[in-house]
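Okay, structure first, notes after.
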Amino acid sequence: MSTASRYNKNYPVSWEQIQRDCRALAWKLLDVRKDWTRLIAVARGGLVPAAIIARELDIHHVDTVCVSSYTIRDQGMMNILKRPDLEGADDTWLIVDDLVDTGKTAKIVRDMFQVAHFATVYAKPEGRPLVDTFVTEVSQDTWVLFPWDTAPTTAFVPPIIDMGKES
């Protein structure tokens, strides 16, 4: 089944909303602990939320884990493109992603950082058990349209490199 056929609804998120939701997530994370030592952003979707949360929680050691799993057209094989140094990983480390959907990406990341705290801004039912903290739950059949993937009309906009290519 293609990814596009799994989603019957769209949930558009504006830049203002993602900032508000990330700040709400930061408040929740501050209740968990006040001494986060390292933040691992799940690239690419987790980069913007991670930047906001790192600022709000004054976390200066920020790294990325890069896992490629799907596009709007197809959910394929999982590829780990970059692993951060795992030495010293403990429960003061914070993993941040924009969304947990089916949980496939989250499982790979969770397996890498077993003791770290995993937080996402949005969570769907299938992936929710893999994260420790989230702000908003959306239904499994909803495609979250992030502002970095949309035009002002909230319609999906392909990356510039894909414009003009045949679908």
Side-chain angles (χ1 to χ4, degrees), residues 1-3 6-7 11 13 18-19 21-149 159 161:
M1 174 190 295
S2 77
T3 301
R6 294 184 56 207
Y7 302 102
Y11 180 65
V13 176
I18 193 72
Q19 183 170 11
D21 291 345
C22 287
R23 286 178 52 102
L25 182 56
W27 278 109
K28 286 180 123 178
L29 292 168
L30 197 55
D31 286 341
V32 173
R33 75 178 316 127
K34 297 184 183 359
D35 62 341
W36 299 106
T37 62
R38 188 168 177 181
L39 189 151
I40 307 294
V42 181
R44 295 180 316 201
L47 292 172
V48 171
I52 295 167
I53 289 165
R55 176 190 182 273
E56 296 301 335
L57 299 181
D58 197 32
I59 302 170
H60 293 269
H61 193 161
V62 178
D63 203 344
T64 59
V65 58
C66 303
V67 180
S68 177
S69 62
Y70 63 83
T71 66
I72 196 166
R73 290 181 209 91
D74 185 38
Q75 184 157 10
M77 189 182 332
M78 304 298 289
N79 295 308
I80 299 171
L81 306 174
K82 178 193 174 281
R83 290 177 198 264
D85 179 10
L86 303 176
E87 187 176 334
D90 64 19
D91 64 349
T92 67
W93 286 26
L94 176 61
I95 302 164
V96 174
D97 204 354
D98 57 349
L99 166 75
V100 61
D101 190 327
T102 63
K104 290 178 182 177
T105 301
K107 178 156 181 19
I108 287 174
V109 173
R110 171 65 82 196
D111 288 346
M112 274 191 252
F113 304 95
Q114 295 176 9
V115 296
H117 190 91
F118 200 145
T120 61
V121 185
Y122 305 102
K124 293 185 181 182
E126 285 180 32
R128 189 180 66 228
L130 292 163
V131 298
D132 300 304
T133 305
F134 67 93
V135 174
T136 302
E137 184 172 343
V138 294
S139 63
Q140 199 66 47
D141 65 343
T142 298
W143 184 263
V144 180
L145 287 167
F146 289 100
W148 48 86
D149 289 330
I161 198 166

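Counting from 1, the numbers follow the sequence of the chain as shown.
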Does the side chain of Val32 reach to within under 4.5 Å of the side chain of Leu94, using non-hydrogen atoms? no

Is there a side-chain contact between Val48 and Phe146 (heavy atoms, below 4.5 Å)? no

When you look at CD1 of Ile161, are more than 12 heavy atoms from neighbouring residues, nucleotides or ligands closer to it than 6.0 Å? no

Gap between atom CG of Asp35 and atom CG of Leu57 - 0.5 Å precision: 11.0 Å

Can you confirm whether Lys28 is buried at NZ, in the sense that more than 12 heavy atoms of other residues, nucleotides or ligands lie under 6.0 Å from that atom? yes

Where Val62 and Ala54 come nearest, the two heavy atoms and their spacing: CG2-CB, 3.9 Å

Scanning both residues in full, the closest heavy-atom pair of Leu39 with Ala50 reads CD2-CB, 3.4 Å

Using modelled atom types and a 3.5 Å cut-off, is there a donor and acceptor pairing between side-chain atoms of Glu126 and backbone atoms of Gln140? no

Got a sec: does the CZ of Arg33 have more than 12 other heavy atoms crowding it under 6.0 Å? yes

Test your reading of the model: is there a side-chain donor-acceptor pair from Asp90 to the backbone of Thr92, 3.5 Å cut-off? yes

With side chains defined as the heavy atoms from C-beta onward, is the minimum distance between Met112 and Ile40 less than 4.5 Å? no

A side-chain contact here means heavy atoms from C-beta on lying under 4.5 Å apart; do Ile18 and Pro147 qualify? yes

Can you tell me how far apart OG1 (Thr105) and CG (Leu99) are? Round to the nearest 0.5 Å. 9.5 Å

Roughly how far, to the nearest 0.5 Å, is the CD1 atom of Ile53 from the CH2 atom of Trp36? 10.5 Å

For the pair Asp132 and Arg110, evaluate side-chain contact (heavy atoms from CB on, under 4.5 Å) and give the outcome as yes or no after the intermediate values. CA-CA 10 Å; Asp132 300 304; Arg110 171 65 82 196; 3.0 Å; yes

Determine all donor-acceptor pairs shorter than 3.5 Å in which one atom belongs to a side chain in residues 113-125; sequence neighbours excluded.
residue	atom	partner	partner atom	Å
Gln114	NE2	Asp111	O	3.3
His117	NE2	Thr133	OG1	2.6
Thr120	OG1	Tyr122	O	3.1
Tyr122	OH	Asp21	OD2	2.5
Lys124	NZ	Asp101	OD2	3.2
Lys124	NZ	Thr142	O	2.3

Nearest heavy-atom pair of Val65 and Pro84: which atoms, and what distance? CB-CD, 3.8 Å

Report, as yes or no, whether the 6.0 Å neighbourhood of atom CD on Glu56 holds more than 12 heavy atoms from other residues, nucleotides or ligands. yes

Separation of Thr64 OG1 from Ile95 CD1 (nearest 0.5 Å): 12.5 Å

Quick one: do Arg44 and Asp149 make a salt bridge, cutoff under 4.0 Å? no

Contact between Thr37 and Trp93 at the side-chain level, heavy atoms closer than 4.5 Å - yes or no? yes

